[in-house]
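Throughout, protein chains are lettered first and strands after them, A, B, ... in sequence-line order, and every chain is numbered starting at 1. As the structure is a computational prediction, the values presented were derived from the model and not from experiment. Both backbone and side-chain heavy atoms feed into the values below; hydrogens, waters and symmetry mates do not.
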There are 2 protein chains.
Amino acid sequence: MVKRTPEETSEETSEGTSAGPSKSSSAAAPPRTPRRTDGLSREVIVQAATELLDGGGESALTLRALTVRLSTGYGAIYHHVADKGDLLAAATDDVITRVLADMVMDADPREALRRMAVGLFDAIDAHPWVGTELSRQPWRPAMVEFYESIGRLLDALAVPEPARFDAAGTLVNYVMGVAGQNAANARRRAGDDTDRAAFLDNVAEQWAQLDPDRYPFVHAATTRLREHDDREQFITGVDIFLAGIAALH
Amino acid sequence: MVKRTPEETSEETSEGTSAGPSKSSSAAAPPRTPRRTDGLSREVIVQAATELLDGGGESALTLRALTVRLSTGYGAIYHHVADKGDLLAAATDDVITRVLADMVMDADPREALRRMAVGLFDAIDAHPWVGTELSRQPWRPAMVEFYESIGRLLDALAVPEPARFDAAGTLVNYVMGVAGQNAANARRRAGDDTDRAAFLDNVAEQWAQLDPDRYPFVHAATTRLREHDDREQFITGVDIFLAGIAALH
DNA sequence: CTTTCTTTGGATCGGCGATCCAAAGCGCAT
DNA sequence: ATGCGCTTTGGATCGCCGATCCAAAGAAAG
């Protein structure tokens with residue numbers, strides 16, 4: 001078999017009519033890069049997609065980039081994957097599943113709930129694109145594990161059945177909200193070369209310039225905006241909801 | 001104002017060379033559609049964009065569709081608008097501002113908070129694309145009004161200053177989470193021609209087929225999933241939050 | 001009327017997701 | 001072993017998108 005180096009392929013494309021299929025094959029023998037020896041698979045593709053996403057955000061996942069990274073063509077990828085959405089969903093499921101696998105359920109239900117929420121928070125913090133995709137498709141199969149754990153822990157907290165469903169949904173909605181916001185911040189951080197502190201300073205400055213008479217609260221909150229820690233604030237929010245759930249009996 | 005009928009534009013385009021700049025003008029006089037008499041403006045464009053978004057979701061807002069709807073060209077639009085993101089943000093601000101303008105602050109802070117959250121919920125329910133854009137950019141200028149109102153109402157609820165900032169953020173995050181989820185549902189509804197009930201039935205059926213031993217909570221929640229009302233569940237969540245605030249002092 | 005500036009229309013570009021097809025390998029039946 | 005069909009691969013191609021660019025058309029200034 002002739003080992004052909006991946007040089008430039010044919011530059012001059014046929015300038016045939018616009019819609020004509022290439023039925024009558026021309027004389028020129030088309031050079032082909034050799035077929036890959038190691039088999040492509042859905043897992044390999046998902047893995048490569050995850051690395052692209054982690055490296056450059058959601059915009060870095062393009063079919064073109066995938067073909068380059070895997071040294072293959074479009075057809076090979078689309079043979080294992082339905083479309084780009086399928087790929088993004090699979091990568092998200094992958095991350096979520098991994099997070100849940102590492103989770104240990106504590107004895108105290110309250111602490112376990114807090115730990116689960118924080119686990120999801122940290123995962124989204126590490127992979128912001130997961131937050132975006134998750135807030136777009138909150139009912140992925142991988143999330144069922146989450147709902148189940150939350151439901152059980154609420155049961156352990158003696159939340160009665162009629163309210164348990166609403167309580168679980170509320171908690172999930174809160175986590176999703178933070179996820180989306182975090183992902184948005186991370187996106188902005190990557191887009192601009194201003195880091196998180198600079199971005200917050202920017203918002204805080206705009207807030208500080210508001211009329212203190214019309215916007216007393218926002219105007220006064222600028223200091224806290226600069227200093228606050230996202231993770232701690234998130235946990236505080238979880239505690240608020242847990243307290244509210246306990247108060248509802 | 002002269003309403004120009006949307007007649008056919010020029011059909012036959014010039015078939016110039018592929019990459020050559022049209023410096024040396026050829027002999028053929030290029031036919032031009034007449035210039036519009038009524039002035040274009042940023043507001044008119046934002047209005048048209050909103051109608052497109054309401055009509056066909058986020059994917060319906062394309063520059064091409066805008067030029068057709070306004071009977072104009074790309075250049076005219078880009079003269080008034082920075083880029084597509086600017087346009088989407090402006091349309092979102094427009095909707096949010098309108099919602100806030102119609103809001104009346106009640107005497108009871110608890111009821112007022114509930115009303116504000118529901119107002120945002122209803123607006124996003126009516127314009128799902130607002131939810132997506134809002135969860136992507138939670139710090140739009142139009143949202144400052146919201147933060148301010150929430151802060152004042154929390155103050156009226158005697159939430160002390162150190163906790164007020166966290167509490168306001170938590171509530172906003174919760175609302176954002178619901179917003180994103182709602183927008184996702186609406187998107188799916190529009191994509192498939194299955195309506196909301198059919199979609200929920202689909203999810204519920206998948207849940208029902210899970211192993212009842214491994215997933216007792218999710219398996220049992222299918223009935224509630226089918227029957228629950230999004231709006232009521234959202235309000236329940238707000239009440240949980242309010243109870244949590246009260247419990248934490 | 002002439003010049004200058006603002007606003008408009010549309011050709012064009014590069015990049016994207018998706019489709020399609022032929023080549024290449026692989027396995028099974030003969 | 002040999003031919004034949006099925007699976008997998010590589011890449012040309014299509015249509016559409018956002019964005020850029022430029023010349024024409026009018027409005028304003030002189």
Side-chain angles (χ1 to χ4, degrees), chain A residues 1-2 4 6 8-26 28-42 44-45 49 58-68 70-88, chain B residues 2 4 6 9-26 28-42 44-45 49 58-68 70-88:
Chain A
M1 55 186 72
V2 182
R4 191 184 293 272
E8 77 284 354
T9 57
S10 65
E11 285 181 310
E12 199 67 1
T13 62
S14 65
E15 76 280 6
T17 56
S18 61
S22 61
K23 188 175 290 181
S24 63
S25 63
S26 60
R32 266 254 178 169
T33 56
R35 213 181 144 97
R36 68 182 308 115
T37 59
D38 56 332
L40 211 53
S41 72
R42 188 178 164 92
V44 174
I45 296 174
E58 308 162 62
S59 61
L61 177 59
T62 69
L63 269 294
R64 187 74 177 65
L66 261 186
T67 60
V68 170
L70 295 172
S71 324
T72 181
Y74 297 92
I77 290 174
Y78 271 91
H79 180 76
H80 295 279
V81 161
D83 55 9
K84 195 189 172 180
D86 181 30
L87 187 54
L88 200 52
Chain B
V2 182
R4 197 156 52 83
T9 57
S10 65
E11 284 182 310
E12 198 67 1
T13 62
S14 65
E15 78 279 6
T17 57
S18 60
S22 61
K23 188 175 289 182
S24 65
S25 63
S26 59
R32 265 253 177 169
T33 55
R35 214 179 141 99
R36 67 182 309 116
T37 59
D38 57 331
L40 211 52
S41 71
R42 188 179 165 92
V44 174
I45 296 174
E58 308 163 63
S59 61
L61 177 60
T62 68
L63 269 294
R64 186 77 175 70
L66 261 186
T67 59
V68 170
L70 296 171
S71 324
T72 181
Y74 297 93
I77 290 174
Y78 272 91
H79 180 74
H80 295 278
V81 160
D83 55 9
K84 194 189 174 183
D86 181 30
L87 187 53
L88 200 52

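Across the protein-nucleic acid pair, L88(B) atom CG and dG18(D) atom P stand 11 Å apart, rounded to whole Å. Rounded to an integer number of Å, the gap from I77(A) CD1 to dT7(D) P is 21 Å. In this structure, L87(A) places its CG atom 10 Å from P of dA18(C), rounding to the nearest Å. When the P atom of dC16(D) is taken as reference, atom CD of E58(B) falls 21 Å away, rounded to whole Å. Regarding L66(A), its CG atom lies at a distance of 12 Å from the P atom of dA18(C), rounded to whole Å. Atom-to-atom, CG of L40(B) to P of dA25(D) comes out at 19 Å; the value is rounded to the nearest Å.
In terms of position on DNA chain C, the residue among A76(B) and G75(A) whose nearest nucleotide sits closer to the 5' end is A76(B).
For the pair I45(B) and H80(B), the tightest heavy-atom approach, listed with the atom from each and the gap, is CD1-CB, 3.7 Å.
Counting only heavy atoms from C-beta on, Y74(A) has its side chain closest to dT19(C) among dA19(D), dT9(D), dT19(C).
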Using a cutoff of under 3.5 Å, can you pull out all pairs of nitrogen or oxygen atoms linking the protein to nucleotides 14-16 of chain C, with atom names and distances?
none

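The shortest distance between the side-chain N/O atoms of Y78(A) and the OP1/OP2 oxygens of dA18(C) is below 4.0 Å. Dashed line: the shortest gap from a side-chain N or O of H79(A) to OP1 or OP2 of dT9(D) is not under 4.0 Å.
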Contacts table for residues 58-67 of chain A: side-chain donor-acceptor under 3.5 angstrom, sequence neighbours left out:
from   : atom 1 : to      : atom 2 : distance (Å)
E58(A) : OE2    : T132(A) : OG1    : 3.2
E58(A) : OE2    : R187(A) : NE     : 3.1
T62(A) : OG1    : A65(A)  : N      : 3.0
T67(A) : OG1    : R64(A)  : O      : 2.5

